[in-house]
Amino acid sequence: MKNLYRKYRTVALLLLAYAVPVLTRDPYVLHLANMACIFAILTLSLNILTGFTGQFSVGHAAFYGIGAYTSSLLAVKAGAPVWLGFLAAPVVAAVFGILLGLPTLRLRGFYLGVVTLGFGEIMYQVFVNWISLTNGPKGLTGVPAPRIGSIVLDTYGSYYFLSITLLVLTIVVAYRLLYSRVGRALLAIRENETAAEAMGINSTYYKVMAFCVSAALAGMAGALYAHEIMFVSPESFVNAESVSILSMMVVGGIGSIPGSVVGAITLTLVPEYLRSFGDLRLVVYGLAIVLMVIYSPQGIGGWITRVDQYLSGTAIRKPVRGGVERGAA
Amino acid sequence: MALLETQGLSISFGGVHAVQGVDLQVEKGEIFTIIGPNGAGKTTFFNLVTGYYKANSGRVIFKGDDITHLAPYHRTKKGIGRSFQVLMLFRDMTVLDNAMVGLHCRLKSNLAGALLRTSATVREEAEGREKVRQLLHFVGLDGKEHEMAKNLSYGQQKRLDIARALATDPEILLLDEPAAGLNTQDLASLTDMIQRIRDRGITVLLIEHKMDLVMSISDRIMVLNFGKKIAEGTPDEVRQNEAVIEAYLGKEE
Amino acid sequence: MFVQQVIQGLAIGSVYGLMALGYALMWQAWAVLDFARGEAAMIGAFSILVFHSFFKIPFVAAFPLAIATSAILGYVIQWLAYRPLIGGIPINRLIATLGMGILLRNLARVIYGADPYPFPTVFGDKPVSIGNVLVVPQNVWITAIGFALVVLLRLFLTRTYTGKAMRAAAQDRETAALMGIRVKQSMALTFVLATCLGAIAGLLVAPVYFVRADMGLSIGLRGFASAVLGGLDSVTGAMIGGLLLGVTENLAAGYISSGYQAAIAFSIMILILIFRPQGIMGRRL
Amino acid sequence: MLELKNVHTFYGVVEALRGISLTVNEGEIVTLIGANGAGKTTTLKTITSSVRAASGEIHFDGKRIDRLPEDEIVKMGISLVPEGRRVFPRMTVLENLEMGAYVRRFDRAGILADLKKMYALFPRLEERKNQRAETLSGGEQQMLAIARALMSRPRLLMLDEPSMGLAPLVVKGIFDIIKEINEAGTTVLLVEQNARMALKAANRGYVIRTGEIVKEGDAKSLTEDPAIRAAYLGEKVYGKGEAQ
């Protein structure tokens, strides 16, 4: 039984994930499934920066927005093929990521957090005010759907296959990154930057790299979002959105890859299904976050790890857990 | 030529001269110990040699190269390894990974290699793990590879700290009070371990308070007081030095 | 025009300064960047709205009532969400404040709805011309109250045993406990004080802007930026940071573009941080 | 006056104290000597309740105090000068002294009188009373830390490595003050690494090693004990591999 579980858990999960459009045809549900994928990618990208490397980002929605606008503008204003947008979005976001990562040379912890916060606010204002480019608060309409050969991914169901594929890709990137020399360097910086330097790790280089990778993934999520909704407006990239991503990471478990995915799915779906409760659902949401850090600081990821250990009868090879370096406070 | 040399190394914090004009020459293959009262500037001196503090004046020379202005990680690459007085392990990483991080600067795989899992990367990882396992065996942490560092006993954590520093493949290893807080048994194995490290051809620069340990294994000793060198020599010479007795060992009246 | 922009900037800046003081106090005593700080302003603004506009209590009486309400709420909040995390890792405290912010903001929305409420002017919004400069009395009042509070806070922190104990506990918790200072109590008091300062900031801007459930977001963000700008460990610095941000914002709006007001202010803040990471009045770490 | 009975204290997984028993009688200077990490500081922290004892009992004036909160301990008359001085860096000298008197803050007259006493004992502090504590030299900070501890009018004054990082001459001055304080009626528990200085000042002493008391006796007999001379006074000729 346990061997069976160990062998097939990944395959089973993948099959289930890809089967969603078969299991339901409700466009609303499929749209939510797409959004869950998008937020899972965002949460994973934030986790690479904050969970693995210990660098705060309170302005992650900015990278998301940069990606969304890059790919939309290319398609709408320049008439470029959609897939070019999907390629350009992470690249442009990564450039901003590197720029934002550079202050890590001089700034630590919360001071860095402030810079990311300010960056988020600045980008939002740029989206709103650069009307000639972004169309301002009215937003950009007519963002085209991507096509594969003759198939146009213009339904939520068909688009979902793109979303889930990119999510799987992100998960693979996160795992490979984590279990590598680079990933160990990131974790070491999170755990203790002084000691990491003593091990010959150029911490600035790796911190900037984390910013770059994280921003690129968030930018990709942005492109995925823009072509799903077929419309972008600044309101999707306000600082409150950064806070949602942060919350998903916490509820999922800081540093946990499966936790990120489950956290993002949970916090995308649950508020939707509680819509009838109006604003009260967000009160509960806030309360849940507070209770989570007090009573279960390891988040959903912690539970997943335990269940997985139980089912597979193994100790997890490398639970990645913990928080931001102590000095951050 | 000395392996490690400092010339007139000085630093002050807010008017206090923490290290003042210290000249030191450590020869290849010796165990060299720095002693002195608490607050005499020993750890500050280590931090100057490893690059965590920038000297106000003076130079640090390693293998004939002036490294005074190199960043800490760069000095590690050049072959200066260190342990910490206050344990600075990567607490939420496994023992194996802690040591693997130590190997960081001797491995080559980069981001692309990691994401694509190239065969070179996979091979390098496997070889690295083998090397690290040997080091963990060397410090006596066999079978603990998959424990979280924070779950080790204090003595084991101290050993992991040394294993991690050894993984950086140093030519000189700086040990900052490795014996502090160890029980008698751990202390005996530490003494033995330091000698075995030297036998591997690694020069050892030690800060230590436990006088019996210091006197038994050091080739030479430097005594710091108030950031200044007040004596240097073999254990016997230092023990009989008037200034040392006055400042540190204590004088009979 | 320039002088007017500056005066207006000083008024809003002293509100930011009051918020910034709250951040600085929280930073020193709790070592946390408190994302729910802006909600203190919201609490203050709604309290005064309830007492003054709804219950028709005159402003002079509603003012202290509103502050008292905020103080009590502040104590409850820290007891519920912050105190359990004192010993934990910093990011958990930060996340708790994030959660608390969401909770409070939406609780206000549940109670009061999402629509903004107007608040009657109290200090007078008819401009008075002094020489050839037009001055709005309420701006003068806001600035004056802001400055008075900074002076009072400084006196409290340097002249009373309670204030000094708060500083001692913030500088070295362990040693403060050795002196017999009840550190947790002292921290709770700091929280309450920070909340009151935020509440005052909120009720000062209530007549100028509308009162709304999510007003804490923007005022909190600016208060935080001011605190960092001034240096998180300095009371005077926090106020200076607030004034600087307020004036810059207003000048940017007046001379460059009102749309980019915040973007310009934040760009300046980021630049200052890169060249002076410890803030204007802060100390090197 | 103070009695520890079989006290065990843990830091996480590390058992820092493994059954410490010691007594301090009224009017004595007792010293606790040992190497770095032997458990000296932990012993003091356990007495002040900063760290809770896992088991064992601590009595002061016949009352059990190991379950009391920290401020109660101060009020009972136990005061600690912490290791590394730990003055409040960004408060003035005067404010630091006032913090020492925090538990009796309503006794304005008494505090004023005590301030005068402290300034008489440490004239340097009066000269610098309005300076921030961080601007003082190490020796001055040590004096401030001692004066601050005395401001609570303790009957038992505990000092954690007062000689740390100070010049021999300054250390001598500090030890003279400690004796003076003791002669004025305050009992002293002195933790030191500088064993010779400590034993010279003390009436009795305890030697602590890896969380255990390994020796106790009057200061004179400890000074003459060959094993102690070897381990802590650095006299014996050491043979290879004799590490204990």
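Lettering follows sequence order; numbering is per chain, from 1.
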(message) Let me confirm one number: the CG-CH2 distance from C:L85 to C:W30, rounded to the nearest 0.5 Å.
(response) 9.0 Å
(message) Whether the side chain of C:R212 engages the backbone of C:A114 through a donor-acceptor N/O pair (distance < 3.5 Å, no angle test) should be reported.
(response) no
(request) Would you confirm whether C:R37, through its side chain, and C:A194, through its main-chain N or O, come within 3.5 Å as a donor-acceptor pair? (result) yes
(message) Counting only non-hydrogen atoms closer than 4.5 Å, does A:L117 touch chain C with its backbone (N, CA, C, O), its side chain (CB onward), both, or neither?
(response) side chain
(request) Verify whether one side chain among C:Q5 and C:Y255 offers a donor that lies under 3.5 Å from an acceptor in the other. (result) no
(request) Specify which of C:L273, C:L80, C:L217 makes the most heavy-atom pairs with chain A at under 4.5 Å. (result) C:L273
(message) Please classify the contact between C:I264 and chain A as side chain, backbone, both or neither, with a heavy-atom cut-off of under 4.5 Å.
(response) neither
(message) Heavy-atom pairs under 4.5 Å with chain C - which of A:L102, A:N129, A:V293 has more of them than the others?
(response) A:N129
(message) Is a donor from one side chain sitting under 3.5 angstrom from an acceptor on the other, for C:Y23 and C:Q28?
(response) no
(request) Using atom types as modelled and distance alone, determine if a side-chain donor or acceptor of A:N135 lies under 3.5 Å from a backbone N or O of A:K138. (result) no
(message) Sort by residue number and list every residue of residues 57-70 of chain A having at least one heavy atom under 4.5 Å from chain C.
(response) A:V58
(request) Could you grab the distance from atom CZ of C:F35 to atom CE of C:M100, nearest 0.5 Å is fine? (result) 15.5 Å
(message) Please check: side-chain N/O of A:E121 versus main-chain N/O of A:N239, any donor-acceptor pairing under 3.5 Å?
(response) no
(message) Just to be sure I understand the criterion: a residue of residues 105-113 of chain C counts if one of its heavy atoms is under 4.5 Å from a heavy atom of chain A. Which ones qualify?
(response) C:N106, C:L107, C:R109, C:V110
(message) For chain C, which candidate among A:I289, A:V128, A:I294 shows the most heavy-atom pairs at distances under 4.5 Å?
(response) A:I294
(message) Side chains of A:F211 and A:F96, heavy atoms from C-beta outward: is any pair under 4.5 Å?
(response) no
(request) For C:Y82, enumerate each residue passing the side chain to side chain donor-acceptor pair (under 3.5 Å) test, keeping only those at least two apart in sequence or located in another chain. (result) C:D34
(request) Could you tell me which portion of C:F224 (side chain, backbone, both or neither) has an atom closer than 4.5 angstrom to a non-hydrogen atom of chain A? (result) side chain
(request) Look only at the side chain of A:W130 and the backbone of A:G136, and say whether a donor-acceptor pair between them is shorter than 3.5 Å. (result) no
(request) For the pair C:Q78 (side chain) and C:A188 (backbone), establish whether a donor and an acceptor sit closer than 3.5 Å, ignoring hydrogens and angles. (result) no
(request) Using atom types as modelled and distance alone, determine if a side-chain donor or acceptor of A:T43 lies under 3.5 Å from a backbone N or O of A:M249. (result) no
(message) Using only atom types and a distance under 3.5 Å, with no angle test, would you say the side chain of A:S214 pairs donor to acceptor with the backbone of A:S45?
(response) yes
(message) So for C:R222, is it side chain, backbone, both, or neither that comes closer than 4.5 Å to the heavy atoms of chain A?
(response) side chain
(message) Looking at A:S296 and A:M292, would you say the former's side chain and the latter's main chain have a donor-acceptor pair under 3.5 Å?
(response) no
(message) Which residues in residues 259-268 of chain A have any heavy atom closer than 4.5 Å to a heavy atom of chain C?
(response) none
(request) Would you give the length of the straight line joining atom CG of C:D115 to atom OH of C:Y117, rounded to the nearest 0.5 angstrom? (result) 7.5 Å
(request) Please state whether the side chain, the backbone, both or neither of C:I95 comes within less than 4.5 Å of a heavy atom of chain A. (result) both
(message) So does C:S186 get a backbone contact from the side chain of C:T190, meaning a donor-acceptor N/O pair under 3.5 Å?
(response) yes
